[in-house]
K.L.:
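Supplied in structure tokens, the structure appears directly below.
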Amino acid sequence: MSAVSPEMIGFPAKEPPRMFTTRPEIIGTFGAVASTHWLASQVGMAVLERGGNAFDAAAAAGFTLQIVEPHLNGPGGDCPIILHSARIGTQQVICGQGPAPAGLTVAHVKDHLGLDIMPGTGLLATPIPGAFDAWMLMLRDHGTWGVRDVLAYAIGYARHGAPMVPRVRATIESVRPLFESEWRTSAALWLRDGGPEPNGLYANPTLADTYERVVREAEATGGSREKQVDAARAAWYRGFVAEAIGRFAARTEAMDTSGQRHRGVLTADDMARWSAGIEAPTTLDYHGHTVLKCGPWSQGPAMLQTLALMAGFDVGAMDPVGADFIHHVIEAQKLAFADREAFYGDPDFTDVPMATLLSPAYNDARRALITDRASLDFRPGSPDGRAPRTDYAAAIRRAQDLAGAMGSGEPTVSRLGAAGGDTCHVDVIDKDGNMVSATPSAGWLQSSPAIPELGFCLGSRCQMFWLDETLPNGLKPGKRPRTTLSPSMVLRDGKPWMSFGTPGGEQQDQWQPIMLMRMIHHGLNIQQAIDLPSFHSEHWISSFWPRGAKPGKVVIEGRYAPEVLADLTARGHVAEMGGEWSEGRLTGARREPDGTIRAGANPRGMQGYAVGR
């Protein structure tokens with residue numbers, strides 16, 4: 001009743017089913033790169049072809065994404081990375097999620113400024129930008145290339161122009177009135193000569209100058225490759241970049257979603273005191289696979305909780321494009337994301353009961369709450385007897401009253417086109433078995449006014465904090481906001497197998513387990529799992545301003561059979577049909593035991609690509 005194409009003939013256990021895909025799954029032995037933009041993928045592959053490893057390639061691709069997808073990420077944004085190093089035989093998380101500045105306190109925002117919720121745009125919600133240090137730390141410790149070679153591709157595109165996909169122009173048009181009336185430095189950068197034309201070349205020479213100065217200062221120190229990488233980090237966080245950021249934040253009053261103008265509190269001293277961190281991944285064993293995510297300073301463990309709940313169902317017996325599969329996944333995610341809201345936060349500041357949340361006993365008890373009917377309640381658990389503190393009723397009111405503000409949040413591509421800010425992703429595997437999964441985001445062109453000396457703007461990730469210090473995700477200086485950015489890596493039988501991820505804000509850890517379960521239980525290859533129609537829920541409290549919730553809401557992709565929608569509605573879901581290619585922007589790469597490297601990328605939005613040989 002839910003066939004997607006006439007070519008689909010079943011789901012054998014060992015061989016991928018025969019079905020139409022938008023492009024082939026890439027198969028080779030030398031290396032593969034998959035990302036949300038074809039130029040970044042090709043840049044990464046060019047690095048591999050020139051002798052660089054996966055870490056060199058991922059960094060070069062990541063900096064390129066800042067130029068070719070400026071509406072989805074920028075130099076002033078964030079970037080969590082999960083990597084596997086074949087040299088040391090282990091996996092690491094590099095945390096490129098910067099924390100709140102020293103001056104960003106509840107007292108300042110709530111008592112002095114009179115706000116009851118963090119704004120979603122502007123300078124007040126700016127954390128310390130973490131992307132640059134995350135890329136450079138990975139390059140220093142695991143790469144082989146120098147700063148100049150890695151940045152050369154991004155500098156070239158910024159200097160001479162990169163093709164701007166139509167959504168760049170659409171995003172700029174959506175905030176044109178704001179740029180023209182309030183954020184005039186952004187108007188000078190993005191409305192120059194009328195702004196980017198769809199698919200036309202557009203340059204950012206100021207950003208090219210910024211990166212060229214970083215290269216010069218790095219090389220002026222002389223010394224080893226590693227010392228030059230550290231010199232680049234110093235130029236960014238303790239040199240001219242930090243100084244320009246501090247001056248701009250202190251002197252600029254920027255209109256934000258509160259309807260008021262606020263200065264930023266980020267200083268050069270904040271920048272100088274911070275650096276990206278290295279930590280162990282949070283893991284879950286699932287049907288012979290070990291799934292790796294970032295810690296509870298991200299929403300990543302919600303994917304692990306979803307899988308822990310789904311482990312008690314016979315997923316293989318479910319039609320992967322049927323209503324029963326959608327229902328069980330959504331109901332599991334409602335429970336997992338409720339726990340995210342109640343208990344996740346920066347573990348340097350709050351005691352997150354992660355072991356209990358992922359334990360069999362806890363998930364057995366929680367799984368019993370899933371019935372054949374959709375729940376419209378918000379139901380966080382009580383791990384270790386802890387009482388959850390959330391205000392779901394207020395979230396529902398905010399969704400009704402404040403949704404749709406210009407430029408805010410990190411919604412994914414909707415059925416109506418691009419809106420707000422989004423995210424990028426890149427996966428790389430090289431011939432030696434090194435792997436990278438990275439999800440750069442924030443600092444998108446519509447998040448805050450552009451800094452004219454640097455050619456980029458800052459992010460607004462601190463919108464995710466609650467203005468209550470006692471909550472797990474309550475605002476405190478030096479604390480990481482609980483980000484939605486969520487790269488993934490999977491081990492199979494203890495060996496590195498797959499790197500994958502997606503843009504999408506709240507949807508990142510909804511679409512990723514769907515893809516993974518279809519591969520594990522139904523035998524799909526990467527491209528098949530990406531191409532199949534997907535779905536998401538908006539039931540829980542959003543991480544983004546205005547922090548709303550829409551009880552029971554489920555959106556399924558338009559290629560589902562009508563009876564699937566009818567079945568979901570009959571079960572009590574507030575379900576609707578989205579566009580035909582509207583759910584999921586996944587990419588992935590995996591290394592098989594036979595030595596082949598395989599990759600796939602999302603066709604939605606017509607810009608993601610996988611390359612390899």
K.L.:
Suppose we screen for side-chain hydrogen bond (donor to acceptor under 3.5 Å, both in side chains). Which residues come up paired with Ser542, at least two apart in sequence or across chains?
P.N.:
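Ser542: no side-chain hydrogen bond (donor to acceptor under 3.5 Å, both in side chains) contacts found.
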K.L.:
Keeping the roles fixed (side chain from Arg367, backbone from Ala308), state whether a donor-acceptor pair exists under 3.5 Å.
P.N.:
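Such a contact is found between Arg367 side chain and Ala308 backbone.
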K.L.:
How close do Met519 and Ala529 get, counting heavy atoms only, and between which atoms?
P.N.:
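Shortest heavy-atom separation between Met519 and Ala529 comes out as CG-CB, 3.7 Å.
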K.L.:
Working note: Glu506 + Arg547, criterion salt bridge (Lys or Arg N to Asp or Glu O under 4.0 Å); need CA distance, chi angles, decisive distance, verdict.
P.N.:
CA-CA 11 Å; Glu506 302 285 313; Arg547 310 305 300 275; over 6 Å; no
K.L.:
Which residue in the set Val490, Asp493, Leu491 passes side chain to side chain contact (heavy atoms under 4.5 Å, CB included) when paired with His289?
P.N.:
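Looking at Val490, Asp493, Leu491, the match for His289 under the side chain to side chain contact (heavy atoms under 4.5 Å, CB included) is Val490.
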K.L.:
Are Thr121 and Gln446 close enough that some pair of their side-chain heavy atoms sits under 4.5 Å apart?
P.N.:
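Heavy-atom side-chain distance check fails, nothing below 4.5 Å.
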K.L.:
Are Asp509 and Arg340 within salt-bridge range, i.e. N to O under 4.0 Å?
P.N.:
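Salt bridge between Asp509 and Arg340, a charged N being under 4.0 Å from a carboxylate O: no.
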K.L.:
Go through Asp427 and Val436 one step at a time and tell me if the side-chain contact (heavy atoms from CB on, under 4.5 Å) criterion holds.
P.N.:
CA-CA 6 Å; Asp427 299 295; Val436 178; over 6 Å; no
K.L.:
Which heavy atom of Ile541 sits nearest to which heavy atom of Tyr392, and what is that distance?
P.N.:
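The pair with the smallest heavy-atom distance is CG1-CD1, 3.8 Å.
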K.L.:
Under the ring-ring contact (aromatic ring centres under 6.0 Å, His included) test, which residues partner Tyr362, sequence neighbours left out?
P.N.:
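If we apply the ring-ring contact (aromatic ring centres under 6.0 Å, His included) test to Tyr362, skipping adjacent residues, there are no hits.
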K.L.:
Which residue, Gln510, His539, His328, forms the side chain to side chain contact (heavy atoms under 4.5 Å, CB included) with Gln333?
P.N.:
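For Gln333, the side chain to side chain contact (heavy atoms under 4.5 Å, CB included) test succeeds with only one of Gln510, His539, His328, which is Gln510.
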K.L.:
Is Tyr560 reaching over with its side chain to a backbone N or O of Pro533, donor-acceptor style, under 3.5 angstrom?
P.N.:
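Yes; at least one donor-acceptor contact below 3.5 Å.
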K.L.:
Less than 4.5 Å apart, side chain to side chain, heavy atoms only: is that true for Leu335 and Gln305?
P.N.:
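Sidechains of Gln305 and Leu335: no contact.
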K.L.:
For Gln508 and Gln299, indicate whether the former's side chain and the latter's backbone hold a donor-acceptor pair under 3.5 Å.
P.N.:
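Not a single qualifying donor-acceptor pair exists.
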K.L.:
Going by the salt bridge (Lys or Arg N to Asp or Glu O under 4.0 Å) test, which pairs reach into residues 295-316, not counting sequence neighbours?
P.N.:
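Applying salt bridge (Lys or Arg N to Asp or Glu O under 4.0 Å) to every pair that reaches into residues 295-316, excluding sequence neighbours, yields nothing.
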K.L.:
Would you say CZ of Phe378 has more than 12 non-hydrogen atoms from neighbouring residues, nucleotides or ligands within 6.0 angstrom?
P.N.:
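Enclosed.
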K.L.:
Looking at Asn363 and Ser359, would you say the former's side chain and the latter's main chain have a donor-acceptor pair under 3.5 Å?
P.N.:
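Side chain of Asn363 to backbone of Ser359, a donor-acceptor pair under 3.5 Å: yes, one is there.
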K.L.:
Taking the side chain as everything from C-beta on, heavy atoms only, tell me whether Arg598 gets closer than 4.5 Å to Ile429.
P.N.:
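Result no, sub-4.5 Å side-chain heavy-atom pair not found.
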K.L.:
Indicate the atoms forming the closest heavy-atom contact of Leu39 with His37, along with that distance.
P.N.:
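Reported closest heavy-atom pair: N-ND1, 3.0 Å.
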K.L.:
Pro281 and Val93: which non-hydrogen atoms are nearest, and at how many Å?
P.N.:
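Where Pro281 meets Val93 most closely, the heavy atoms are CA-CG2, 3.7 Å.
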K.L.:
Which is it for Asp430 and Arg591 under the side-chain contact (heavy atoms from CB on, under 4.5 Å) test, yes or no, and what are the steps along the way?
P.N.:
CA-CA 9 Å; Asp430 66 23; Arg591 182 181 173 92; over 6 Å; no
K.L.:
Would you please name every residue forming a salt bridge (Lys or Arg N to Asp or Glu O under 4.0 Å) with Arg482, sequence neighbours left out?
P.N.:
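Applying salt bridge (Lys or Arg N to Asp or Glu O under 4.0 Å) to Arg482 gives Glu341.
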K.L.:
Within the structure provided, determine whether Thr290 and Trp497 are in side-chain contact (heavy-atom separation under 4.5 Å).
P.N.:
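No, side chains not in contact.
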K.L.:
Where the side chain of Thr257 meets the backbone of Gly120, is there a donor-acceptor pair that is under 3.5 Å apart?
P.N.:
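The answer is yes, because a donor-acceptor pair under 3.5 Å joins these two groups.
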K.L.:
Who passes ring-ring contact (aromatic ring centres under 6.0 Å, His included) against Trp297, sequence neighbours left out?
P.N.:
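If we apply the ring-ring contact (aromatic ring centres under 6.0 Å, His included) test to Trp297, skipping adjacent residues, there are no hits.
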K.L.:
Just by distance, do the side chain of Arg373 and the backbone of Ala570 share a donor-acceptor pair under 3.5 Å?
P.N.:
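Answer holds: yes.
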K.L.:
So, the side chain of Asp324 versus the backbone of Asp319: is there a donor-acceptor pair under 3.5 Å, distance only?
P.N.:
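No; zero donor-acceptor contacts below 3.5 Å.
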K.L.:
Please examine the side chains of Val315 and Ile520, heavy atoms only from C-beta on, and report whether any two atoms are closer than 4.5 Å.
P.N.:
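No; the side chains remain at least 4.5 Å from each other.
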K.L.:
Checking Asp377 side chain against Arg379 main chain: does a donor-acceptor pair fall under 3.5 Å?
P.N.:
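Between the backbone of Arg379 and the side chain of Asp377 there is no qualifying donor-acceptor contact (under 3.5 Å).
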K.L.:
So do Gln528 and His522 actually touch side chain to side chain, heavy atoms under 4.5 Å?
P.N.:
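No, side chains not in contact.
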K.L.:
From the options Asn73, Leu485, Thr502, select the one residue that forms a side chain to side chain contact (heavy atoms under 4.5 Å, CB included) with Thr423.
P.N.:
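Filter result, single survivor: Leu485.
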K.L.:
What closest approach, in Å, do Met303 and Leu516 show between heavy atoms, and which atom pair accounts for it?
P.N.:
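Between these two residues, the closest heavy atoms are CE-CD2, 4.1 Å.
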K.L.:
Is the shortest heavy-atom distance from the side chain of Met517 to the side chain of Val329 under 4.5 Å?
P.N.:
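Yes. Closest side-chain heavy atoms under 4.5 Å.
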K.L.:
Is the NZ or CZ atom of Arg559 positioned over Trp581's six-membered ring, under 6.0 angstrom from the centre and within 45° of the axis?
P.N.:
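Positive - Arg559 is close enough to the ring of Trp581 and near enough to its axis.
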K.L.:
Nearest 0.5 angstrom please: Lys553 NZ to Leu376 CG, how far?
P.N.:
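Going from the NZ atom of Lys553 to the CG atom of Leu376 covers 14.5 Å.
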K.L.:
Can you tell if the side chain of Leu304 reaches within under 4.5 Å of the side chain of Val291, non-hydrogen atoms only?
P.N.:
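Yes - at least one pair of side-chain heavy atoms lies under 4.5 Å apart.
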K.L.:
Determine the minimum heavy-atom distance between Pro388 and Ala342, stating which atoms define it.
P.N.:
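Shortest heavy-atom separation between Pro388 and Ala342 comes out as CB-CB, 3.7 Å.
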K.L.:
Keeping Glu331 on the side-chain end and Ile370 on the backbone end, is there a donor-acceptor pair under 3.5 Å?
P.N.:
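Side chain of Glu331 to backbone of Ile370: no pair is present.
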K.L.:
Under the side-chain hydrogen bond (donor to acceptor under 3.5 Å, both in side chains) rule, collect the residues that match up with Thr282, sequence neighbours excluded.
P.N.:
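side-chain hydrogen bond (donor to acceptor under 3.5 Å, both in side chains) list for Thr282, sorted by chain: empty.
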K.L.:
Sequence neighbours left out, what passes ring-ring contact (aromatic ring centres under 6.0 Å, His included) with Phe535? Give chain and number order.
P.N.:
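Applying ring-ring contact (aromatic ring centres under 6.0 Å, His included) to Phe535 gives none.
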K.L.:
Using distance alone, with no hydrogens and no angle criterion, decide if His425 and Thr439 have a side-chain donor and acceptor under 3.5 Å apart.
P.N.:
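Yes, because at least one side-chain N or O of His425 sits under 3.5 Å from a partner of the opposite role on Thr439.
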K.L.:
Sequence neighbours left out, what passes side-chain hydrogen bond (donor to acceptor under 3.5 Å, both in side chains) with Ser41? Give chain and number order.
P.N.:
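Counting only residues at least two positions away or on another chain, Ser41 forms a side-chain hydrogen bond (donor to acceptor under 3.5 Å, both in side chains) with Ser35.
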K.L.:
Would you please classify the geometry between the Trp540 ring and the Phe337 ring as parallel, tilted or perpendicular, with 30° and 60° separating the classes?
P.N.:
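Aromatic pair Phe337/Trp540 classed parallel.
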K.L.:
Does one side chain, of Ser375 or Lys334, offer a donor that lies under 3.5 Å from an acceptor on the other?
P.N.:
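On atom types as modelled, these side chains do not qualify, holding no pair under 3.5 Å.
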K.L.:
Tell me, please, which residues at least two apart from Ala393 pass side chain to side chain contact (heavy atoms under 4.5 Å, CB included).
P.N.:
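With sequence neighbours excluded, Ala393 shows a side chain to side chain contact (heavy atoms under 4.5 Å, CB included) to Asp391, Arg397, given in chain and number order.
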K.L.:
Who pairs with Glu592 by salt bridge (Lys or Arg N to Asp or Glu O under 4.0 Å), at least two apart in sequence or on another chain?
P.N.:
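Checked Glu592 against salt bridge (Lys or Arg N to Asp or Glu O under 4.0 Å); matches are Arg590.
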K.L.:
Looking only at the side chains, is there a donor atom on one of Lys293 and Ser298 sitting less than 3.5 Å from an acceptor on the other?
P.N.:
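Their side chains do not contain a donor-acceptor pair, so the 3.5 Å distance test is not met.
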K.L.:
Between Ser582 and Gly578, is there a donor-acceptor pair closer than 3.5 Å when you use the side chain of the first and the backbone of the second?
P.N.:
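No; judged by distance alone, with no hydrogens or angles, the pair does not exist.
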K.L.:
Please evaluate residues Arg604 and Glu557 with respect to the criterion salt bridge (Lys or Arg N to Asp or Glu O under 4.0 Å), reporting the C-alpha separation (whole Å), side-chain torsions for both, the decisive distance (0.1 Å), and the verdict.
P.N.:
CA-CA 11 Å; Arg604 301 163 182 86; Glu557 205 161 6; 2.9 Å; yes
K.L.:
With distance as the sole criterion, is a donor-acceptor pair present between the side chains of Gln97 and Arg480 under 3.5 Å?
P.N.:
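Absent: no donor and acceptor within the cut-off.
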K.L.:
Applying side-chain hydrogen bond (donor to acceptor under 3.5 Å, both in side chains), can you list everything that pairs with Gln607, at least two apart in sequence or on another chain?
P.N.:
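Expected list: Glu69.
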K.L.:
Taking 4.0 angstrom as the limit, do Arg23 and Asp531 come out as a salt bridge?
P.N.:
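No salt bridge links Arg23 with Asp531.
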K.L.:
Output all residues satisfying ring-ring contact (aromatic ring centres under 6.0 Å, His included) with His573, sequence neighbours left out; order by chain, then residue number.
P.N.:
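Listed in chain order: His327.
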